[in-house]
Amino acid sequence: MTELPKAYDPATVEPELYKDWDGAGLFHAEPDDDGEPFSIVIPPPNVTGSLHVGHALDNTIQDVLVRRERMRGRNAVWIPGTDHAGIATQNVVERLLAAEGTDRHTLGREAFIERVWQFRAASGGTILTQLRELGASADWRREVFTFDEVRSRAVREVFVALYEQGLIYRGNRLINWCPRCETALSDIEVEHKDVDGQLTRFIYPFVDGERDATGQAAGDAPVGMEVATTRPETMLGDTAIAVHPDDERWAAAVGRHVRHPFQDRTFAVIADDYVDPEFGSGAVKITPAHDPNDHAMAERHDLEIIDIFDETAVTTDVVGERFAGLDRFEARKRVVQALEEEGLLVGVETHRHSVGHCSRCDTVVEPRLSLQWFVSMRPLAERAAQAVRDGAVEFVPQSSTKPFLDWLDNLHDWCISRQIWWGHRIPAWYGPDGEIRVCREDIDEPGWLQDDDVLDTWFSSQLWPFSVFGWPDDTPELSTWFPTSTLVTGYDINTFWVSRMVMISLWFTDKAPFKVVHNHGLVRDEHGKKMSKSFGNVIDPLDLIHTYGADATRFALLRSAAPGTDVPLAEEWVEGTKRFANKLWNAGRFALANLDGRRPGALPAVADLSIEDRWILSRLERMHANVDAAYDAYDWPVVARNLYHFVWDEFADWYLEAIKIRVYGDDPAAADVARSVLAYVLDRVLRLLHPFMPFVTEALWRALTGATGGTDSLMVADWPAPDSRLADADIERDFDVLKGLVTEVNRFRSLNGIAPSARFDVKVTSARAELLTEHGGLVATLARLSSVDVVLALEDAPGRSTIMFGGGQAQVDLRDLIDIGAEIDRLDREIARIDAELAKVAGKLSNESFVARAPEDVVARERARHAELNATREELEARRTSLGAIDD
RNA sequence: GGGCGCGUAGCUCAGUGGGAGAGCGCUGCCUUCACACGGCAGAGGCCAGAGGUUCGAUACCUCUCGCGCCCACCA
């Protein structure tokens with residue numbers, strides 16, 4: 001037996017065990033290994049990233065799943081890897097360059113990309129190393145990268161195939177543009193935030209000659225069209241004014257023309273259903289180049305489209321000398337000012353509205369007309385939605401399903417080209433005569449140039465569940481582990497990533513990429529606030545691991561991580577779970593010190609077991625069933641609670657105390673039984689707890705079993721099978737009576753200021769006299785009494801005991817002698833059942849044709865049955881009523 | 001504007017048609033031979049509010065109030 005230190009020290013235990021597992025190849029799996037395949041692919045973290053608590057939670061859950069399935073004998077693999085993270089990584093490296101006083105344009109494309117690869121080489125392994133500290137049992141020999149050769153080939157294949165199928169196309173459309181990143185963005189890379197903006201109202205004057213031409217009286221005819229906008233600068237690109245066709249106020253204006261106050265042009269007033277007559281004046285200025293709705297209207301009415309900005313959202317010469325060369329926000333000010341000077345400004349009011357921001361750099365996104373590559377999503381989305389409706393992909397929790405389907409049903413085409421350099425370059429080449437070729441092999445012919453753009457980073461990560469296994473090649477890995485088993489991720493990227501994996505996987509492999517999507521919540525601080533640097537409430541998981549250990553960190557995260565709900569976390573809570581690890585450690589130490597070398601094995605015959613043995617085994621069984629069910633339901637807090645409560649409140653606080661009599665006593669046979677049960681229970685607990693706390697359980701298990709490490713490890717030991725024969729409600733109830741009495745004595749002692757060390761006699765009156773008499777010695781030991789004397793059974797008052805001490809006495813309440821609530825429940829169910837049966841019989845008897853025509857003996861039998869049921873029912877009612885009275 | 005969720009002890013949260021719970025925090029006692037990263041005991045809650053269903057509601061239904069999240073091209 002190994003000497004274990006008094007306090008559990010994760011820092012000395014964890015790194016050593018991890019090295020041992022890894023060295024023995026326990027994380028590694030091969031396709032032809034035994035067992036039903038089980039696979040998880042890591043949601044690849046950004047290659048430049050470092051571990052934050054969100055990663056810690058996400059990866060802990062994955063590790064829990066893999067560890068449990070591995071113990072259950074499945075051929076389990078967990079594929080680790082990283083994402084090249086296009087814009088995010090490019091931004092990081094650009095910041096580095098800026099610090100060096102240069103930029104990517106000075107460097108040039110090739111040198112820049114080289115620089116990013118260098119950066120990746122230097123820092124790319126960080127997060128995966130940190131995952132090892134967390135205890136992640138990923139198959140490191142299978143590490144992959146979204147931008148490595150195999151994954152790039154998959155990207156190329158998918159792009160070309162979709163192009164050939166007509167699902168990828170190039171088009172000049174209004175897209176989201178980040179003027180800071182100078183690239184297009186997809187819809188979901190835009191974050192909408194409510195901001196207090198301004199609504200500017202101003203007048204477009206009618207063309208004077210036309211007003212005369214309409215023949216309207218000069219006096220009551222409007223001098224112009226009043227419009228309202230949150231973005232006055234866009235008026236520099238207005239090419240129409242729209243009103244609702246049924247709006248009588250403006251009916252006469254339709255077809256007339258207004259004069260642009262700052263440019264030498266005029267445009268028409270048109271009618272379109274889109275306009276909401278209730279808003280503002282009922283007239284809308286139309287800027288086709290800078291607003292999606294306006295652009296759609298321009299297509300309907302064949303309006304002129306004037307793009308007023310360059311790629312950095314600075315106005316170009318087309319707006320005229322007065323406003324050219326201005327940043328959009330400066331232009332906004334100047335336009336309002338100019339409108340005022342011209343006497344056209346009606347007013348400016350504050351207006352709260354939603355504004356899109358770049359999810360990478362928080363710059364206000366500009367709708368921009370530009371030539372980009374798109375994926376037609378509708379056909380893909382329909383298949384994905386169908387798969388979800390058919391249950392081929394299941395969400396845990398289920399509440400994620402509806403938003404997911406809603407999103408799929410309203411999907412727009414996906415803009416996949418990015419005007420950045422770091423990423424998979426679009427495999428399209430443009431020939432000297434303007435022809436386009438999209439192909440799997442690079443074109444190296446004179447006059448042919450490859451498209452400058454790269455793909456949205458999610459284009460490659462959507463392939464992850466099969467690209468990691470070598471797709472499009474038909475590898476053994478692919479056929480064994482694809483489709484994967486469970487995808488673990490926060491609900492925040494269901495649309496970004498999960499949806500696209502489902503769509504593309506079905507499209508190219510005819511299979512959903514995973515059976516279950518397990519959504520966990522976002523890790524927040526202890527008051528539910530989002531962790532952010534500016535709040536100063538960020539918790540670094542590595543600090544936690546170094547201070548409290550990986551086990552404590554994992555357990556603290558899991559115990560709050562109910563599916564789909566956000567996960568509050570505070571450092572003190574991790575400290576609390578470290579105490580739990582320590583409690584387990586010391587329970588283990590006690591066991592080892594008293595097992596006298598006994599290893600876990602078969603249980604002694606039931607006849608030899610003491611009441612506390614049978615109790616702890618029953619509790620173990622119940623806990624085991626709960627834990628298995630909760631594991632299957634991805635309900636980590638319930639798993640955690642069950643194990644925590646069992647280990648601390650039942651195993652340590654009661655069972656270990658109770659067996660001291662036998663273990664320290666002088667009956668070798670009795671001690672031997674106690675040791676057998678002790679070893680058995682501890683072994684079970686360590687196995688069940690291992691996925692949550694792999695290190696402390698492994699360390700104890702090796703000491704307990706004499707396992708030598710390497711392939712002889714708890715990590716690959718069998719997951720225990722439940723043994724329902726050990727569950728025994730009667731024993732539990734009996735032991736609860738003994739516990740209740742001990743607690744009463746403790747309370748009596750505490751309330752009366754009697755020293756814990758003082759020994760005295762108690763006399764007990766109780767309905768469970770026999771039980772208390774039989775186990776008086778146990779109660780006396782646990783309650784530190786000199787004797788327990790059961791003097792009387794009070795059968796007419798169950799649940800009432802009297803403890804006598806010296807001259808005084810105390811009435812105590814032992815309600816748990818009978819579980820009244822449960823019994824009432826049972827009676828209620830029974831009564832309901834009988835009521836249902838009674839109704840049936842009564843129905844027959846009240847049916848005249850039945851009574852008249854059925855043979856007499858049949859009718860008689862039914863009558864007897866009716867009477868019998870009634871009698872039983874009355875009896876049950878009576879018992880229920882009397883219990884209800886006790887239950888006050 | 002649409003969808004979803006939540007209001008239970010000071011804090012974070014479980015919970016069930018019939019005794020109101022846990023962890024942390026707080027109070028008192030205790031260095032009892034695994035553990036002071038501990039043990040024993042205690043204080044603390046009209047289970048957001050109103051109505052309904054029921055013998056009985058913290059739980060089921062409706063509404064109100066408060067909070068949060070996601071989605072959305074109304075200037």
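First the proteins, then the strands, lettered A, B, ... as listed; each starts at 1. This structure is a prediction, so every number in the text was calculated from the model and none was measured.
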All N/O pairs under 3.5 Å across the protein-nucleotides 6-13 of chain B interface:
none

Given that both distances must come in under 3.5 Å, which nucleotide forms a Watson-Crick or G-U wobble pair with [N]?
N: B/C60; value: B/G52
N: B/C6; value: B/G66
N: B/U27; value: B/A41
N: B/U12; value: B/A22

All N/O contacts under 3.5 Å from nucleotides 29-33 of chain B to the protein, with atom names and distances to one decimal?
none

Roughly, in whole Å, what's the span from [atom1] in [X] to [atom2] in [N]?
X: A/W654; N: B/C40; atom1: CH2; atom2: P; answer: 8 Å
X: A/F555; N: B/G23; atom1: CZ; atom2: P; answer: 13 Å
X: A/L4; N: B/C35; atom1: CG; atom2: C1'; answer: 13 Å
X: A/W585; N: B/C35; atom1: CH2; atom2: C1'; answer: 12 Å

Under a plain distance cut-off of 3.5 Å, with no hydrogens placed, do [Y] and [X] share a side-chain donor-acceptor pair?
X: A/Y548; Y: A/E571; answer: yes
X: A/N746; Y: A/R784; answer: yes
X: A/Y644; Y: A/D649; answer: no

Query - A/R231/A/E233 ion pair, N-O < 4.0 Å - result: yes

Query raised in the report: Got more than 12 heavy atoms from elsewhere within 6.0 Å of CD, A/E657?
Result: yes

Query - Sequence-distant partners of A/T239, side-chain contact (heavy atoms from CB on, under 4.5 Å), two or more places apart - result: A/R265, A/P288, A/L303, A/E304, A/I306

Query raised in the report: Per the atom types in the model, does the base of B/C35 pair as donor or acceptor with the side chain of A/K6 at under 3.5 Å?
Result: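 In this structure, the two groups form no donor-acceptor pair.
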
**Report entry** Any donor-acceptor N/O pair under 3.5 Å between B/A75 base and A/E278 side chain
**Finding:**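 Looking at the base of B/A75, it does not pair with any donor or acceptor on the side chain of A/E278 (distance under 3.5 Å).
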
Query raised in the report: Taking the side chain of A/A652 as heavy atoms from C-beta outward, which of B/A41, B/G23, B/A34 is closest to it?
Result: B/A34

